[in-house]
Novice: 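One structure, as structure tokens, below. Some questions next.
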Amino acid sequence: MAELEGDAEVELSTTCSAFDAVTVSYAVGVDMLVLLGRRDLDLAPCLTDGHDQAVFLVRAGTGEPLTAMAGVSVESGPGGRLVLPPSPRRRWDTPPWSTRAEEPSALPAGTEIEPCLRAALRLFGGSSP
């Protein structure tokens, strides 16, 4: 991590082998977070890329069906790549770990976030990621 502290332009990236990364516009992502919270659902980990995009992490192999919706893209498997915080413009909105326990949060399946995703896309007219 010392390398990251010295260079503000260094990006930390990973493959999407342990999760699928579901990318939507920032506006859709913020609405999804509100809707997930209102339904008392466990929030999917979410990171933002400035105010351009929101990326939700879901269980590996479950995000691909969400690409049938306009404005949704998914990175999956060893070929999928995701730039993580503390890279430039990237920050956790909802981190993938519990603040109460020292263990990773369980990732939801893509189908678990789908109703909130559909509702947010209806509101924002399928804004592109």
Side-chain angles (χ1 to χ4, degrees):
M1 291 302 255
E3 297 85 19
L4 291 176
E5 292 174 13
D7 186 349
E9 298 302 315
V10 172
E11 288 188 346
L12 175 64
S13 67
T14 187
T15 64
C16 296
S17 298
F19 55 83
D20 288 355
V22 179
T23 302
V24 295
S25 70
Y26 182 79
V28 169
V30 169
D31 195 53
M32 282 181 63
L33 288 168
V34 170
L35 293 170
L36 288 166
R38 284 182 184 164
R39 295 178 184 197
D40 289 327
L41 299 173
D42 288 336
L43 293 178
C46 178
L47 63 93
T48 60
D49 178 5
H51 286 100
D52 296 328
Q53 297 178 329
V55 181
F56 290 86
L57 305 184
V58 297
R59 202 170 309 133
T62 67
E64 194 61 33
L66 302 176
T67 61
M69 291 180 262
V72 178
S73 66
V74 175
E75 292 285 332
S76 184
R81 304 289 302 173
L82 179 63
V83 178
L84 297 169
S87 300
R89 297 179 37 89
R90 297 287 173 135
R91 73 169 189 82
W92 288 111
D93 180 278
T94 309
W97 60 84
S98 170
T99 56
R100 294 181 294 269
E102 294 183 14
E103 58 188 47
S105 299
L107 297 178
T111 55
E112 293 176 81
I113 68 166
E114 185 175 2
C116 293
L117 176 56
R118 284 189 185 283
L121 286 169
R122 272 194 305 274
L123 182 62
F124 290 97
S127 301
S128 298

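Residues: numbered from 1 along the sequence shown.
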Novice: About how many Å separate CD1 of Ile113 and CZ of Arg59, when rounded to the nearest 0.5 Å?
Specialist: 11.0 Å
Novice: Taking the side chain from Glu11 and the backbone from Ser87, do they hold a donor-acceptor pair closer than 3.5 Å?
Specialist: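 The answer is no, because no donor-acceptor pair under 3.5 Å joins these two groups.
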Novice: Verify the cluster assignment for Phe124 and Met32: are they in a single hydrophobic cluster under the rule of side-chain heavy atoms below 4.5 Å apart?
Specialist: yes
Novice: Going from CD on Glu75 to OG1 on Thr67, what distance comes out if it is rounded to the nearest 0.5 angstrom?
Specialist: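 Glu75 CD to Thr67 OG1: 11.5 Å, rounded to 0.5 Å.
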Novice: Taking all heavy atoms of Leu35 and all of Cys116, pick out the closest pair and write down the distance.
Specialist: CD1-O, 3.6 Å
Novice: Restricting to non-hydrogen atoms, name the atom on Pro88 and the atom on Val10 that form the minimum distance, rounded to 0.1 Å.
Specialist: CD-O, 3.3 Å
Novice: Give the cluster check for Val55 versus Val34: same hydrophobic cluster or not, with ILVMFWY residues linked at side-chain heavy-atom distances below 4.5 Å.
Specialist: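 Per the 4.5 Å side-chain linkage, Val55 and Val34 are not co-clustered.
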Novice: For the CG atom of Leu82 and the OG atom of Ser17, what is their distance to the nearest 0.5 Å?
Specialist: 11.5 Å
Novice: Just by modelled atom types, is the Val58 backbone N or O under 3.5 Å from a matching donor or acceptor in the Asp20 side chain?
Specialist: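 It does not hold such a pair.
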Novice: With a 4.5 Å limit on heavy-atom distance, are the side chains of Leu66 and Met69 in contact?
Specialist: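 The answer is yes; the side chains approach within 4.5 Å.
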Novice: Would Leu57 end up clustered with Tyr26 when hydrophobic side chains under 4.5 Å apart are linked, directly or stepwise?
Specialist: no
Novice: Should Thr15 and Arg81 be marked as a side chain to side chain contact (heavy atoms under 4.5 Å, CB included) after you check the CA-CA gap, both sets of side-chain angles, and the distance that decides it?
Specialist: CA-CA 5 Å; Thr15 64; Arg81 304 289 302 173; 3.1 Å; yes
Novice: For Pro95, check side chain to side chain contact (heavy atoms under 4.5 Å, CB included) against everything at least two apart and list the hits.
Specialist: Trp92, Trp97
Novice: So His51 and Val30, do their side chains get closer than 4.5 Å, heavy atoms only?
Specialist: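 No, too far: nothing below the 4.5 Å cut-off.
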Novice: To the nearest 0.5 Å, tell me how far Phe56 CZ sits from Leu107 CG.
Specialist: 13.0 Å
Novice: Test side chain to side chain contact (heavy atoms under 4.5 Å, CB included) on Val22 and Val72; report intermediate values, then the result.
Specialist: CA-CA 7 Å; Val22 179; Val72 178; 3.8 Å; yes
Novice: Hey, mind stepping through Asp49 and Thr23 against side chain to side chain contact (heavy atoms under 4.5 Å, CB included) and telling me if it holds?
Specialist: CA-CA 10 Å; Asp49 178 5; Thr23 302; over 6 Å; no
Novice: Considering non-hydrogen atoms only, spot the tightest contact between Asp31 and Leu123 and give its length.
Specialist: OD2-CD2, 3.6 Å
Novice: Where do Pro108 and Pro45 come nearest, in terms of heavy atoms and distance?
Specialist: CD-CD, 4.2 Å
Novice: Just how far is it from atom CZ of Arg122 to atom CG of Leu117, taken to the nearest 0.5 Å?
Specialist: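 Reported value, rounded in 0.5 Å steps: 10.0 Å.
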